[in-house]
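Every value quoted in this text rests on a predicted model; they were computed, and no experiment measured them.
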Amino acid sequence: MPTPDLAGALNEWFADAARPLPWRAAEVSPWAVLVSEFMLQQTQVARVVPRWKAWIGRWPTPAALAAEPPSEAVRAWDRLGYPRRALWLHRAAVEIVERHGGEVPAELDDLLALQGVGPYTARAIAAFAFGRRHPVVDTNTRRVIARAVLGQAQPGPPATGRDLAAMGALLPASDAAARAFNAAAMELGATVCTARTPSCDACPIAAACAWRAAGYPPYDGPRRAVQGRFEGSDRQVRGLVMRELRAAHRPVHAGELATLWPDAAQLERALGGLVADGLAVADAGGGLRLPDA
DNA sequence: CACCCGTGGTT
DNA sequence: TAACCAAGGGT
């Protein structure tokens, strides 16, 4: 039977176990938090840290980034992956300047209206940058809820409403404790209650865990959709092209791009996709380049 | 809702 | 080693 003070136990653990991630420092601006959340979308903490520091050093405000062409954002993004995020982050900076006087908004509706900000990121910014009392559910928290609350080994298919409700029900009353609890749940999922081999022996809420109480039953629900193979995929081709465009500070012609991939039809499809996404633009001379505006 | 979107670390 | 996984979002 789960103990009632799961949040208390988790926050007590977190006070000691929290990794000193740079965007958690007290003096970090809402903009810096926003940048960290964009970079952390589907990307591991260890790979984000150096990019985030460089980014904040170069563009300490939304206005600073908005003043530069998107191509510079895509280059600075480097190899973090999903370069559309760099484009969206630049666009979000422009929107913040145009609609919010250069200040990151604190309201969920305003945050959700920004390019690249979805249900998770909006709540994360509101909670972590502004101390608002909202449930925040990311992939780590989803797993913690599935195990500790629902008694399942895995979260199963997306169930946003279910998870937000579960998190909301556990959320401490005060803004400060709620913010810590949101971060603590994510931290537990990232470092203890991990996807593959959780360290249940070291878990601070083992006494409250429904999965443990049930004897760690294996997951029997529907399997998550498997991601397609990366080798040979359009994503691989797009990545190769983007690497080329970032390196070349001038239009790259079709002949040069043709050497990147043997399948001409697939390469053409990838290029079309990049153009459609705004990551590449056709140059007047027939080449391809990063977006200058 | 299912699928697409990069790159690299982990098991 | 191939598969899985990662502070998701857009369509």
Side-chain angles (χ1 to χ4, degrees), chain A residues 18-19 21-24 32-52 74 77-89 91-92 111-129 134-145 154-161 163-164 167 179 182-191 193-199 219 222-246 269-270 272-280:
Chain A
R19 293 166 295 175
L21 305 180
W23 44 85
R24 284 177 177 164
V33 171
L34 183 152
V35 171
S36 79
E37 295 300 345
F38 268 73
M39 291 185 168
L40 287 163
Q41 290 169 6
Q42 293 286 284
T43 305
Q44 301 93 325
V45 165
R47 289 206 295 143
V48 165
V49 170
R51 281 291 120 225
W52 179 82
V74 173
W77 195 259
D78 197 36
R79 302 173 64 161
L80 271 186
Y82 293 140
R84 298 192 291 189
R85 293 182 293 163
L87 218 48
W88 292 342
L89 178 51
R91 197 168 307 162
L111 288 164
L112 282 168
L114 298 174
Q115 181 64 47
V117 175
Y120 162 75
T121 302
R123 289 168 177 280
I125 294 169
F128 301 140
H134 297 295
V136 180
V137 176
D138 78 328
T139 187
N140 292 302
T141 300
R142 265 173 59 70
R143 187 170 52 250
V144 170
I145 290 169
Q154 303 294 336
T160 309
D163 294 330
L164 280 176
M167 198 59 182
R179 177 185 45 71
N182 279 314
M186 294 168 62
E187 187 82 350
L188 187 76
T191 64
C193 193
T194 53
R196 298 272 201 113
T197 53
S199 305
Y219 181 68
R223 262 334 252 179
R224 218 170 35 171
V226 283
Q227 178 130 100
R229 189 179 192 79
F230 179 71
E231 292 294 325
S233 69
D234 286 4
R235 287 191 295 170
Q236 182 181 20
V237 183
R238 288 168 57 111
L240 291 172
V241 173
M242 287 306 296
R243 181 188 301 210
E244 206 67 18
L245 296 186
R246 285 195 307 265
R269 185 168 67 244
L274 290 173
V275 170
D277 287 347
L279 282 166

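Positionally, the nearest nucleotide of DNA chain B for A/Pro158 lies more toward the 5' end than for the other of A/Pro158 and A/Met242. Checking A/Glu37 against A/Gln115, the closest nucleotide of DNA chain C that is more toward the 5' end is the one next to A/Glu37. Positionally, the nearest nucleotide of DNA chain B for A/Arg246 lies more toward the 5' end than for the other of A/Arg196 and A/Arg246.
One finds a side-chain N or O of A/Arg229 lying less than 4.0 angstrom from the OP1 or OP2 phosphate oxygen of C/dA3. Proximity of A/Arg79 to the phosphate of B/dG8: a side-chain N or O atom is located under 4.0 Å from OP1 or OP2. Checking the phosphate oxygens (OP1, OP2) of C/dG9, a side-chain nitrogen or oxygen of A/Thr121 falls inside 4.0 Å. The shortest distance between the side-chain N/O atoms of A/Arg85 and the OP1/OP2 oxygens of B/dT7 is not below 4.0 Å. When the side-chain nitrogen and oxygen atoms of A/Gln41 are compared with OP1 and OP2 of C/dG8, none of them lie within a distance under 4.0 Å. Taking only side-chain nitrogens and oxygens, A/Thr139 comes nearer than 4.0 Å to OP1 or OP2 of C/dA6.
Side-chain contact, A/Arg179 with A/Asn182: no donor N or O sits under 3.5 Å from an acceptor N or O. Side-chain contact annotation: A/Thr43 with A/Arg85, donor-acceptor N/O pair under 3.5 Å present. Under 3.5 Å, the side chains of A/Glu37 and A/Tyr120 contain a donor-acceptor pair of N or O atoms.
Proximity note for A/Gln227 (side chain, C-beta onward) versus C/dA7, B/dC5, B/dT10: the nearest is B/dC5. Distances from the side chain of A/Phe230 to the nucleotides B/dT7, C/dG9, C/dC5 place B/dT7 closest.
Taken from CZ in A/Arg84 to CD in A/Gln41, the straight-line distance is 11.0 Å, to the nearest 0.5 Å.
Residues of residues 233-240 of chain A that place a heavy atom closer than 4.0 Å to DNA chain B, in numerical order, are A/Asp234, A/Arg235, A/Arg238, A/Gly239.
Looking at A/Arg123, its side chain never comes within 3.5 Å of a backbone N or O of A/His134 through a donor-acceptor pair.
As rounded to the nearest Å, B/dA2 and C/dA7 have C1' atoms that lie 23 Å from one another. Rounded to whole Å, the separation between the P atoms of C/dT11 and B/dG6 comes to 14 Å.
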